[in-house]
Amino acid sequence: MQENDQEHFKRELGLLDGTMLVVGSMIGSGIFIVSADIARQVGSAGWLTLIWLLSGFITVVAAVSYGELSAMFPKAGGQYVYLKEAYNKLIAFLYGWSFFAVIQTGTIAAVGVAFSKFAAYLYEPLSDENILYELGAFKLNAAQLVSILTIIILTFINSRGVKNGKILQTVLTIIKILSLLGLVVFGLTLAAKASVWDANWADGWSTKTFDKVSGSWLPISGTALISGISAAMVGSLFSSDAWNGVTFIAGEIKNPKRNVGLSLFLGTFIVTSLYVVTNLMYLAVVPFDEIATAKFDRVAVVASDYIFGNIGALIIAIMIMISTFACNNGLIMAGARVYYTMAKDGLFFKKAAVLNSSSVPAWALWAQCIWASALCLTGKYGDLLDFVIIIVLIFYILTIYGIFILRKKMPDAERPYKAFGYPFLPMLYIVVASAICISLLITKFSTCGWGVLIMLTGIPVYYLTKPSE
């Protein structure tokens, strides 16, 4: 039963669906907001562009490296399965534990909250300032309810079968790509000014940081620059994350040995290209100081005001709502497959290993829904992103190092696709990502330290709950 169970999943997703899942899960609200923080950290047009390029490059390198693993193990569970095969059940469990505790559910909560924040643009009472209930220090606001409601609706749609989730994902993601491209084209044709572009690039490679207290720029170099770059990269890496979701649903992809790896490459390449051209449009339309000081970091709203005038903010609000809704659909669909595979190994609640009549792990979907909704109520989503990015990077490093381990451990295994640029590019990723992790632990220990702690608390849990062999 155990081995055949993969066959009970319906292989209903083609290459387009896989690629749209990657793109749709990656593009949330980050590209509309994150550039403001990057601009404040590094202080120039050249560095802003470089940080997006660097994040995109290492994301694509990671994705094409995963192609080898996805072709070797074309099963549900993706990264969890790769870690189990390369290392052992403990490392795989720590990933699954972190994934359920904070990586996937925390990201779903944060994306849900981003949706509700922009919904409040269209209808004011939905904002987080509308407090509906208070009990001691706990406050329930309208935005939290909206985010929880979207998570419940998307979970329900996905519990009715992979086809429903697939259609919603593909349609919304195509709308999202076209609207982002539309914003870039309108920006460059209607609002781009040579004077703004020239001024932004006049000292395009000077490094400075924005001091919020004095409202002025301070030059930085050496260690201050390194910590500025790593802090800036949290946002761009987070905006480029969740690309690995397609590996989790490999059990439902047609010809997974070919299509999973190809979806990873095409999806990450499309998103990286979109992100870079969007930032070049910002630099052609908005003076650099206004990018850095955008209200609530909403750079896209500032750019859209320049492009479309008064209705600019409204256009961006609708775009972000579509974007975050599609993003969460992809995250919700993919996440449940990891808990399903863990449960099959006896490392998660037994009921998560059951597929419903629509051939999807409904119990796992609803468990994820409940915990993500609970995280929406904490009100600490900003901290969640710092928790998430450090754990995500640690497991990406371990997974990509797993390629080296498996080449030694299983030299004769069938590898329909081999990691591009091996061993150079996978090793480059490991070095860059490790440097970012170390820098984050030094500069953001108060939040990233908690992320590492959440991951390590999985060790006693594993030994307490581990089924006897």
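If you read the sequence from its start, that first residue is 1, and numbering goes on from there.
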Check: [Y] main-chain N/O paired with [X] side-chain donor or acceptor under 3.5 Å:
X: Glu252; Y: Leu13; answer: no
X: Thr272; Y: Phe269; answer: no
X: Ser358; Y: Val360; answer: no
X: Lys208; Y: Gly43; answer: yes
X: Lys409; Y: Glu85; answer: yes
X: Thr341; Y: Arg337; answer: yes
X: Gln144; Y: Asn141; answer: yes
X: Tyr275; Y: Ser240; answer: no
X: Asn328; Y: Ile108; answer: yes
X: Trp97; Y: Ile454; answer: yes

| message | Just to verify, what does Tyr401 make a side chain to side chain donor-acceptor pair (under 3.5 Å) with, not counting sequence neighbours? | response |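 Testing Tyr401 for side chain to side chain donor-acceptor pair (under 3.5 Å), a comparison that skips the adjacent residues, returns none.
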Measuring only between side-chain heavy atoms, which start at C-beta, is [X] closer than 4.5 Å to [Y]?
X: Ile27; Y: Ser323; result: yes
X: Leu425; Y: Val64; result: no
X: Tyr80; Y: Leu347; result: yes
X: Tyr82; Y: Leu406; result: no
X: Val23; Y: Met26; result: no
X: Ile322; Y: Ser179; result: no
X: Leu48; Y: Asn279; result: yes
X: Ile131; Y: Tyr133; result: no

| Under the side-chain contact (heavy atoms from CB on, under 4.5 Å) criterion, do Tyr339 and Leu365 qualify, and how do the steps go? | CA-CA 9 Å; Tyr339 321 129; Leu365 276 163; over 6 Å; no
With rounding to the nearest 0.5 Å, note down the distance linking [atom1] in [X] to [atom2] in [Y].
X: Thr399; Y: Asn244; atom1: OG1; atom2: CG; value: 8.5 Å
X: Phe210; Y: Leu218; atom1: CZ; atom2: CG; value: 9.5 Å
X: Leu375; Y: Thr107; atom1: CG; atom2: OG1; value: 10.0 Å
X: Thr150; Y: Phe325; atom1: OG1; atom2: CZ; value: 6.5 Å
X: Thr447; Y: Leu441; atom1: OG1; atom2: CG; value: 9.5 Å
X: Met333; Y: Gln368; atom1: CE; atom2: CD; value: 11.5 Å

| query | Among Trp371, Phe248, Phe395, which one satisfies ring pair (Phe, Tyr, Trp, His ring centres under 6.0 Å) with Phe99? | reply |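 Of Trp371, Phe248, Phe395, ring pair (Phe, Tyr, Trp, His ring centres under 6.0 Å) with Phe99 is met by Phe248 alone.
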Answer yes or no: does atom [atom1] of [X] have more than 12 heavy-atom neighbours from other residues, nucleotides or ligands under 6.0 Å?
X: Phe138; atom1: CZ; value: yes
X: Trp366; atom1: CH2; value: yes
X: Phe420; atom1: CZ; value: no

| Just by distance, with hydrogens left out, do Trp52 and Ser35 show a side-chain donor and acceptor under 3.5 Å apart? |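 A pair is found: one side chain offers a donor N or O, the other an acceptor, under 3.5 Å apart.
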| request: Ignoring hydrogens and angles, state whether a donor on the side chain of Thr170 or Asp17 is under 3.5 Å from an acceptor on the partner side chain. | output: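 The answer is yes; a qualifying pair exists.
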Which pair of non-hydrogen atoms, one from [X] and one from [Y], has the smallest distance, and what is that distance?
X: Pro426; Y: Gly421; answer: CD-O, 3.7 Å
X: Ser373; Y: Cys369; answer: OG-O, 2.7 Å
X: Val286; Y: Glu290; answer: CG1-CB, 3.6 Å
X: Phe265; Y: Thr268; answer: O-OG1, 3.2 Å
X: Ala372; Y: Ile151; answer: CB-CD1, 4.3 Å
X: Ile390; Y: Cys448; answer: CG2-O, 3.6 Å

| message | Go through it in stages, so that I can follow the logic: the residues are Ile58 and Tyr396, the test is side-chain contact (heavy atoms from CB on, under 4.5 Å), and I'd like the CA-CA distance, side-chain angles, deciding distance and then a yes or no. | response | CA-CA 11 Å; Ile58 63 173; Tyr396 282 163; over 6 Å; no
| task | Starting from the C-alpha separation in whole Å, work towards a yes-or-no answer on side-chain contact (heavy atoms from CB on, under 4.5 Å) for Lys84 and Phe73. | result | CA-CA 11 Å; Lys84 185 178 75 175; Phe73 309 108; over 6 Å; no
| Check: Phe404 ring centroid to Tyr422 ring centroid under 6.0 Å |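 Judged by ring-centre distance (under 6.0 Å), Phe404 and Tyr422 do meet the cut-off.
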| message | Tell me if the centroids of the rings in Phe100 and Phe348 come within less than 6.0 Å of each other. | response |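 Yes, the ring centres sit under 6.0 Å apart.
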| Would you call the rings of Phe93 and Tyr462 parallel, tilted or perpendicular, where under 30° means parallel and over 60° means perpendicular? |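 Tilted, since the angle between the ring planes falls between 30° and 60°.
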| message | If the condition is side chain to side chain contact (heavy atoms under 4.5 Å, CB included), which residues does Val277 pass it with, not counting sequence neighbours? | response |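 Partners of Val277 under the side chain to side chain contact (heavy atoms under 4.5 Å, CB included) test: Val184.
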| Are the charged groups of Asp345 and Lys89 less than 4.0 angstrom apart, N to O? |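 Not counted as a salt bridge, because no side-chain N and carboxylate O are separated by less than 4.0 Å.
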| said: Strictly by side-chain hydrogen bond (donor to acceptor under 3.5 Å, both in side chains), give each pair with a member in residues 154-167 just once, sequence neighbours left out. | reply: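 Counting only pairs at least two positions apart or across chains, the side-chain hydrogen bond (donor to acceptor under 3.5 Å, both in side chains) contacts touching residues 154-167 are Asn158-Asn329.
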| request: Using the side-chain hydrogen bond (donor to acceptor under 3.5 Å, both in side chains) rule, pick out the option among Ser227, Ser230, Ser434 that qualifies with Ser439. | output: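 When side-chain hydrogen bond (donor to acceptor under 3.5 Å, both in side chains) is applied between Ser439 and each of Ser227, Ser230, Ser434, only Ser230 qualifies.
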| request: In sequence, state the C-alpha distance, the side-chain angles, and the governing distance for Leu377 and Ile148, and then conclude on side-chain contact (heavy atoms from CB on, under 4.5 Å). | output: CA-CA 9 Å; Leu377 298 175; Ile148 290 170; 3.7 Å; yes
